Amino acid sequence: MRFTLFSKTVRTLHELKKYRAIFGQFIMFACGAILTRGITVIFAPIAMQLLSPSEYGLISLANTFIQLCGSILGLGLRQAVPMFYFQYDRQERYNFIIDIILAYSMLAIPITVMGIYFWPTINHFVFFNNASCLLISLSLLIAFTYFFVELLYQLLRFGHRALKLTLLQIGVAITMVACNLFFLCIMHLGACSLLLGQAFGMTVTCVAGLYIAHQHRNVISVDIKRMRTRMHSYIWYGLPFIPSMLLNMLLSGGDRWVLAYLKQMHDVGIYAVANTLAQLVNMIILYAMLGSYVPYMLKRMQENKNDIKNIEQENKKIMWLSMGIVFVLLIAGFTCTKSILHYIIPAKFHEAINHMGLLLIGSIFYLGTHFLNCLILHHKKSAFLGAVLLVPALLNIALNFAFVPFLNIYGCVIATIISYIIYFLITLFYNKRLTDTQSN
């Protein structure tokens, strides 16, 4: 028995040798994400010293609102890019991106202006009358710009430009921190300081994107007729991602609104800090996967359509192995650094540390879903990707309402873990169904 297990392990490791280049890219993207986010993380204790838990909770709600608006404004166009990007040659890819940017701008600008005009209504229903006009206007402008920033990052990942992406993100992170310190310590703008810093950082990204596009010297072809013809197809595949993003927002941030409704903004701030580490890990996983493994797997499936079943079997082996390794690393890493966090995080937020370790469990299952989504993206099953989060997101809200009155913040933690597990299991079942259909 032991010999058989050892043989399987050796054989699996031998098969994984061909992924060495991809693993190297994964590490590079992950290290880049850690480095860039590390600059922001260093600033976090300073912000915690200068902001109260209530103000920190308000910023948390603002960030969730930005995600909500960005999801609706984008129409799922950016999420549909991987389904078409690898099918085009260089010039067609450039035209494809121009069409998407043009369509987004025509739709998003009027909606953003209307949102700023009706800011009192947003303040009442979203921020429970705790936000200012400046905070809401900044949130809407950031949500509008978010599309261009993430599209640029997405294209750099597809092109395996890990170094260029990392340097750009470092520059943006430094700009954000410098602006945050200026507006927070000198201008004393409170919660709005962090949003102003984010806005300036995104502006730097957009300018860099224009410079990179100019360097490539592609012919800019703005064709309204071409855009209108192709957008029907792109929007058709992109629209299902809107409910997916909204539900993902509910899954990752809906519990904060439940806390704000049932408890106090103070509890929202504590939970936001507790969830920061898990969200950081999720972000690193997402950037590294989308920059290395997912593009490689999509390209491989596109070039070997008759061998999808064997490719997916290898994909699942890597998935289970990766989930096991990440589990060990996260548990060991948090255990070793937990005592250090008490020195880094201000005393008024120490309660959050008790929740961080448990929230990291959700990151393991979040990693697994990205492996499973490769096959689903290949088959352009955007309808499933748009609906898959319905059950876990609604379950998360329901469990929060059930647990929070009795368990307080621990109720949010338990609800989040259960919801991520359900999300993974539903995706695993559908992936298996697609694999069985392919073999038949």
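The analysis underlying the following values was restricted to heavy atoms, covering all of them including side chains, and did not include hydrogens, waters or symmetry mates. Predicted model only: the values in this text are computed from it and were never measured.
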Legend entry - Aromatic contact, Phe144 with Tyr104 (centres under 6.0 Å):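 Ring centroids of Phe144 and Tyr104 are less than 6.0 Å from each other.
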
Nearest-0.5 Å distance, [atom1] of residue [X] to [atom2] of residue [Y]:
X: Ile376; Y: Tyr430; atom1: CD1; atom2: OH; answer: 7.0 Å
X: Leu367; Y: Tyr420; atom1: CG; atom2: OH; answer: 12.5 Å
X: Asn315; Y: Leu375; atom1: CG; atom2: CG; answer: 8.0 Å
X: Arg300; Y: His378; atom1: CZ; atom2: NE2; answer: 12.0 Å

Inset, instruction - Verify the neighbour count for atom CZ of Phe334: are there more than 12 heavy atoms of other residues, nucleotides or ligands below 6.0 Å? - result: yes

Inset, instruction - Check whether more than 12 heavy atoms from other residues, nucleotides or ligands sit under 6.0 Å from atom CZ of Phe200, and answer yes or no. - result: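 It does not: Phe200 CZ has 12 such atoms or fewer within range.
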
Test your reading of the model: is there a side-chain donor-acceptor pair from [X] to the backbone of [Y], 3.5 Å cut-off?
X: Ser137; Y: Leu134; answer: no
X: Asn180; Y: Met176; answer: yes
X: Gln154; Y: Arg78; answer: yes
X: Asn123; Y: Trp119; answer: no

Inset, instruction - Compare every heavy atom of Gly201 with every heavy atom of Val172, then report the nearest pair and how far apart it is. - result: CG1-O, 3.5 Å

Inset, instruction - Search all heavy atoms of Thr205 against all heavy atoms of Val149 and return the closest pair with its distance. - result: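 Closest approach of Thr205 to Val149, heavy atoms only: CG2-CG1, 3.7 Å.
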
Inset, instruction - Could you go through the side chain to side chain contact (heavy atoms under 4.5 Å, CB included) check for Phe424 and Ser419 one step at a time? - result: CA-CA 9 Å; Phe424 172 77; Ser419 301; over 6 Å; no

Inset, instruction - If the plane angle is over 60° it's perpendicular, under 30° parallel, otherwise tilted; pick one for Phe127 and Phe65. - result: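 Geometry flag for Phe65 against Phe127: perpendicular rings.
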
